[in-house]
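Written out below as C-alpha cells is the structure these notes cover.
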Amino acid sequence: MLHEAGFAALSPATLLLAHTLFALVTALLATRLLSPQYRSSPRRAFVFHSVLAMCIPVLGGVVLIGWALYARFINRRHRERPFVAVRLPVFTAAPVSPSFSAGAGSLRPRLTRSDLARETRIEALLTVQHLPGNLSARLLREVLSDPVDDLRLSAYGMLDKGEKQINQKIEAALTQLEAETQPAARGRLYQRIAECYWELVYQDYAHQGELREFALQAAWRAAQDALPLCPQDADLLVLTGRVALARDQLDDAAQAFTQARALSIPNNRVLPYLAELAFMRRDFTETRTLVRALAADTRNFTTTPLIAFWQTGRPA
C-alpha cells in the first residue's frame, strides 16, 4: 500500500519532468531545423518554441518539428529573391539658372493647395514665369480651375500672353515672307515659322485635340517648305524629325535624324531623339545601345536618370 501511494505521489512529477524534457528537445530540434532567414534570433526562437511545446503536450512538439521541416522544404523550392542591391545614382550638378526664390517646397503643391494663404499661392504663381516654357504652361493650366479668382485669372493671363507672343512671331515671319524674294532668306523664314508652331506644342500651349494637330501640321508644312531652300541646315533637320516624332511619322523622323547626323551634328543633339524613335518602334535593344552611346558622349541633369534606367533597369 505504501509503495502504491508513493508511486502515485511521484507520477505527476515524473510526467511533468518527462513533458518538460520532451518540450525542450522538440523546441531545440525545431529551432535548428528552421531556415536561416527565419532564425534571426535563435534564443528567442527557442524560447518561443519551448512555450508552445509546453502548452500543448506531445502534439505541440510534433507540430513544431513538422512546421520547421515544411518551412525548410518550401524555402528550397522558392529561391527567388524579390529584393536586389541597387547602385547609388551618380550626382550631377544642375546648370546655373536665373536666381529666384521658390520658397519652401515645390511650386505645384503651393499652387494647388487651397488651404495655403492666398499671398503664398500668388507668390508661387509669379515664380512660375521664371521656369522654362514647357514647364510653366503645364503648371499654369492646372490653376485654371482654381476657385480663387485672382489665381485663376492671373494664370489665364500668363498663358494667353505666352501664346500671343509666339503667334506674333508667326505673323511677323509670314509678313516678311510675302515681301522676301531671296531663297536663302525665305528658307530661314520658313524655318522660323516651323520653330514657332513647334513651340506652341512643346510649351504646351497647343496641348491637345485639333489645336495641337493644327500646330503640328503647320510646323511640318513650314519645315518641308524650308528644307529645299536650306538642305544643309542640320538644326532644321532635327526640328523636322522632332515634329515627325510628335506626329507618329517614324520613317520620316528616322530619315531626318539620319541626314542631320550625316551633316556632322553633335551626337548629344540627336541621340536622345534616335533613342526615343527606337523606343516608339519597340526596338528596346537599339534603344539601350543608343542610350549607352549617349552616356559615353555626354551626361547632364536631365539625361542622367534616363541613362541610369537603361543601364540597370533590365530584366534579370
> After noting the C-alpha distance and the side-chain angles of K164 and D160, does the key distance pass the salt bridge (Lys or Arg N to Asp or Glu O under 4.0 Å) rule?
Replying inline: CA-CA 6 Å; K164 281 183 177 179; D160 186 62; 3.2 Å; yes
Minimum heavy-atom distance [X]-[Y], with the two atoms named:
X    : Y    : result
A184 : C230 : O-SG, 4.3 Å
V238 : A260 : CG2-CB, 3.9 Å
I166 : C196 : CG2-O, 3.3 Å
A275 : V291 : CB-CG2, 4.2 Å

>> Could you work out, with side chain to side chain donor-acceptor pair (under 3.5 Å) as the rule, every residue matching R212, not counting sequence neighbours?
In response: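 Listed in chain order: nothing, the list is empty.
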> In chain order, what residues pass the side chain to side chain donor-acceptor pair (under 3.5 Å) check against D233, with sequence neighbours excluded?
Replying inline: none
Pairs under 3.5 angstrom only: tabulate donor-acceptor contacts from the side chains of residues 250-257 to other protein residues two or more places apart or in another chain.
unit_1, atom_1, unit_2, atom_2, d
D251, OD1, R281, NH2, 3.1
D252, OD2, Q249, NE2, 3.0

> With no hydrogens and no angle check, do the side chains of E199 and Q203 hold a donor and an acceptor under 3.5 Å apart?
Replying inline: yes
Mind checking the [atom1]-[atom2] spacing from [X] to [Y]? Nearest 0.5 Å is all I need.
X    : Y    : atom1 : atom2 : value
L237 : I265 : CG    : CD1   : 8.0 Å
R242 : L216 : CZ    : CG    : 11.5 Å
R261 : L271 : CZ    : CG    : 5.0 Å
E276 : Y273 : CD    : OH    : 8.5 Å
T258 : L274 : OG1   : CG    : 6.5 Å
L189 : Q176 : CG    : CD    : 5.5 Å

Tell me, do [X] and [Y] make a side-chain contact under 4.5 Å, heavy atoms counted?
X    : Y    : result
L239 : D235 : no
L200 : I170 : yes
Y197 : W220 : no

> Going through the checks in order, is the side-chain contact (heavy atoms from CB on, under 4.5 Å) test met by E213 and R247?
Replying inline: CA-CA 8 Å; E213 183 59 32; R247 302 185 71 195; 4.0 Å; yes
> Could you go step by step and tell me if T285 and D283 meet the side-chain contact (heavy atoms from CB on, under 4.5 Å) rule?
Replying inline: CA-CA 6 Å; T285 302; D283 188 351; 4.0 Å; yes
> Hey, any chance M158 and L153 share a hydrophobic cluster, counting ILVMFWY side chains that come within less than 4.5 Å of each other, even indirectly?
Replying inline: no
> Are L211 and V201 linked, directly or through other ILVMFWY residues, by side chains that come within less than 4.5 angstrom of each other?
Replying inline: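 Unlinked, L211 and V201 end up in two clusters.
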> Between T240 and L236, is a side-chain contact (heavy atoms from CB on, under 4.5 Å) present by the stated rule, with each step listed?
Replying inline: CA-CA 6 Å; T240 304; L236 176 59; 4.3 Å; yes
> Can the positive tip of R186 be found less than 6.0 Å from the middle of the six-membered ring of Y190, inside 45° of the ring normal?
Replying inline: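 Judged by the rule, R186 and Y190 form no cation-pi pair.
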> Can you tell me if E180 uses its side chain to pair, donor with acceptor, with the backbone of Q182 under 3.5 Å?
Replying inline: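 The answer is yes, because a donor-acceptor pair under 3.5 Å joins these two groups.
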> Checking side-chain contact (heavy atoms from CB on, under 4.5 Å) for the pair R188/L229: CA distance, chi angles, key distance, verdict?
Replying inline: CA-CA 8 Å; R188 288 193 294 270; L229 303 174; over 6 Å; no
